[in-house]
J.: 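One structure, as structure tokens, below. Some questions next.
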Amino acid sequence: MLPRITILTILGLYLASRARSLSLLYNNHPERLVEINQLPHYAIKYADRIRNCEDAVMVPEDGLAILSCDPGRDRWNTVMGTFTKDKSLIPHGDLTIYRYTNAEDEGKALTTIKLVDFPEIDKFHPLGVEYHRPSGQLFVCNHHYDGSRVEIFSLDLSDPGHPTAHYQRTLVDATIRAPNAILALSAHELYITNDHHYLQRTHPKLAKTETLSGAPGGALVYANTQTGEMRRVARIPFANGVARVNASTVAVASTSTAAVYLYDVQPHDYSVRFVHSIPVPFFPDNLETDQAGVLLIAGHPSMQGLEATVKARLQCTGVPSEKGKCYKAGAPSWVAEWTEERGVRDLYVSRGEFGSSSTAGRDAERGVGLVTGLYERGILVWSESGLDA
């Protein structure tokens, strides 16, 4: 039995965490949100070609990023609780290569990855994506109609104009019933975040309660695709993005507590030990680390604004995509970076110029970065030396 002082300490920390998260709902209301822009030259690109890109993984060795985009998110989002009964109305998602080193030739800069031998492409709704470059393994969280799972492909980038991903296998397991993001530890070992215990598709009220209460129903899961081992290594409230900070530390975004949790990795079995949390002034989504070791954090200042956008998108059913006002995201965005030495530094806060930011990535050596938007058209691209460089 825990001593009374320990119980009171835990309760106090929990109440302080919930008070801070609730204060963000007021402070970050779009009418009160203070906009910030510390980005260099930037532009919103490819708004006529891609939309609803949730995740992106930077591959600086090849001068490209892999984007996870899903126009069907307007009508099917298992995290936000959007479920259209008539599946024929829902377009499937795609994985796209953005070669930012070819940015001056927009026709060649953006290419869709052809999924070879992949069954049920019509049920493909990608969320988190990860690439293990040494082995060519590509891992994707697929929020499939019959239950979320992780798809594994072998990516072939040898033909720049026709990238292909050959389907290998699917991971389905109760331990990863709500997979959100993936970090590759090797060609066959992964960390996978499980964002909730209760699912919107089966227990919507309990899922909502889990989110609002900050209950640690989410998890960080260790998965070994060779042995079949699936093991929860940490319980985390609304576990979202995951990234390696350095050789011994991983970071996990906890959306509902507006914080990023840092863990020391135990190399003998990939269990983790909690180090500390990084409070951020928004609800973090995905995480990326650049070559300089800077952690980039993108997320949502206003959950009310995001939920309003989700509802508005359902009303776009049947509206041609060229009618931009219907598909323009209204949810605010927040992008920040963190290092142990400097702490959190805000890079971009917007009421809706580029909305619903979900991932920020950067090639630090080339000085090029991008932001994806969960319900936005195109991607926001920035460059320290000019967009045509």
Side-chain angles (χ1 to χ4, degrees), residues 35-69 95-113 129-131 133 157 160-161 163 241 243 245 282 284-299 301 328-329 332-339 342 344-389:
E35 295 190 305
I36 298 171
N37 190 352
Q38 297 296 328
L39 301 178
H41 313 278
Y42 77 99
I44 298 170
K45 307 185 71 171
Y46 313 111
D48 59 337
R49 297 183 59 185
I50 54 175
R51 63 184 172 92
N52 300 4
C53 299
E54 195 270 351
D55 198 9
V57 55
M58 303 293 289
V59 190
E61 298 91 338
D62 300 315
L64 60 84
I66 303 170
L67 310 177
S68 168
C69 307
L95 302 176
T96 300
I97 298 292
Y98 169 48
R99 295 183 182 274
Y100 49 83
T101 49
N102 278 355
E104 70 282 357
D105 187 343
E106 294 202 359
K108 296 181 179 179
L110 209 66
T111 51
T112 300
I113 300 174
V129 60
E130 171 69 324
Y131 179 49
R133 187 174 181 272
L157 298 172
V245 177
F282 57 98
D285 199 321
N286 284 320
L287 308 174
E288 282 279 322
T289 305
D290 68 16
Q291 306 102 302
V294 180
L295 182 68
L296 289 133
I297 311 165
K328 178 64 179 175
S333 292
W334 202 308
V335 177
E337 64 179 20
W338 174 88
T339 63
R342 298 193 303 267
V344 176
R345 174 176 175 258
D346 297 326
L347 298 179
Y348 181 77
V349 181
S350 169
R351 294 175 182 171
E353 175 190 40
F354 184 84
S356 61
S357 60
S358 50
T359 303
R362 179 169 54 204
D363 182 334
E365 293 179 358
R366 292 184 176 90
V368 176
L370 63 84
V371 181
T372 64
L374 185 66
Y375 283 94
E376 184 59 275
R377 300 175 69 172
I379 54 175
L380 187 152
V381 179
W382 81 82
S383 172
E384 294 176 4
S385 57
L387 289 176
D388 294 328

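Source: prediction; values computed, not measured.
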J.: Shortest non-hydrogen contact from Q38 to R345?
T.: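 What the structure gives for the nearest pair is CB-NH2, 4.0 Å.
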J.: Does the side chain of V371 come within less than 4.5 Å of F354's, by heavy atoms?
T.: yes
J.: With sequence neighbours excluded, tell me which residues meet side chain to side chain donor-acceptor pair (under 3.5 Å) with S358.
T.: T372
J.: For the residue pair N37 and Y42, establish whether any side-chain heavy-atom pair is separated by less than 4.5 Å.
T.: yes
J.: With sequence neighbours excluded, what pairs up with Y131 under the ring-ring contact (aromatic ring centres under 6.0 Å, His included) test?
T.: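 Y131: no ring-ring contact (aromatic ring centres under 6.0 Å, His included) contacts found.
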J.: Does any part of the side chain of K45, heavy atoms only, come nearer than 4.5 Å to the side chain of Y100, both counted from C-beta?
T.: no
J.: Rounded to the nearest 0.5 Å, what separates atom CG in L39 from atom OG in S383?
T.: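 One finds 11.0 Å between CG of L39 and OG of S383.
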J.: Going by heavy atoms in the side chains, are L380 and V335 under 4.5 Å from each other?
T.: no
J.: Nearest 0.5 angstrom please: L110 CG to L64 CG, how far?
T.: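 Going from the CG atom of L110 to the CG atom of L64 covers 11.5 Å.
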J.: Check for a donor-acceptor pair, side chain of T289 on one end and backbone N or O of A243 on the other, with a separation under 3.5 Å.
T.: no
J.: Nearest 0.5 Å, what's the CG-CG distance between N52 and L374?
T.: 7.0 Å
J.: Give me the atom names and distance for the closest heavy-atom approach of A298 to A360.
T.: CB-N, 3.7 Å
J.: Would you say S333's side chain and S356's backbone share a donor-acceptor pair under 3.5 angstrom?
T.: yes
J.: Suppose we screen for side-chain contact (heavy atoms from CB on, under 4.5 Å). Which residues come up paired with P40, at least two apart in sequence or across chains?
T.: W382, E384
J.: If you measure from CD1 on I113 to CD1 on I97, what distance do you get to the nearest 0.5 Å?
T.: 3.5 Å
J.: Supply the atom-to-atom distance T111 OG1 to N102 CG, rounded to the nearest 0.5 angstrom.
T.: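 It is 9.5 Å, given to the nearest 0.5 Å.
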J.: Check P163 against P160 and note the closest heavy-atom contact, atom names and distance.
T.: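 Of all heavy-atom pairs spanning P163 and P160, the closest is CD-O, 3.8 Å.
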J.: Between the side chain of S357 and the main-chain N/O of G299, is any donor-acceptor distance below 3.5 Å?
T.: yes
J.: Under 30°, 30 to 60°, or over 60°: which ring-plane class applies to Y98 and Y46, parallel, tilted or perpendicular?
T.: perpendicular
J.: Please list, chain by chain and in numerical order, all residues satisfying side chain to side chain donor-acceptor pair (under 3.5 Å) with N286, sequence neighbours excluded.
T.: E54, T359
J.: Any heavy-atom pair between the side chains of L370 and M58 that's under 4.5 Å?
T.: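 With C-beta onward as the side chain, the pair touches.
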J.: Tell me every residue that passes salt bridge (charged side-chain N to carboxylate O under 4.0 Å, His left out) with D48, counting only those two or more places apart in sequence or in another chain.
T.: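 Not a single residue meets the salt bridge (charged side-chain N to carboxylate O under 4.0 Å, His left out) criterion with D48.
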J.: Is there side-chain contact between D62 and R133, with at least one heavy-atom pair below 4.5 Å?
T.: yes
J.: What's the separation between atom SG in C69 and atom CG in D55, rounded to the nearest 0.5 Å?
T.: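 Here the rounded value is 10.0 Å.
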J.: Only pairs at least two apart or in different chains count here, so list each salt bridge (charged side-chain N to carboxylate O under 4.0 Å, His left out) that has a residue in residues 360-370.
T.: D290-R362, E337-R362, D363-R366
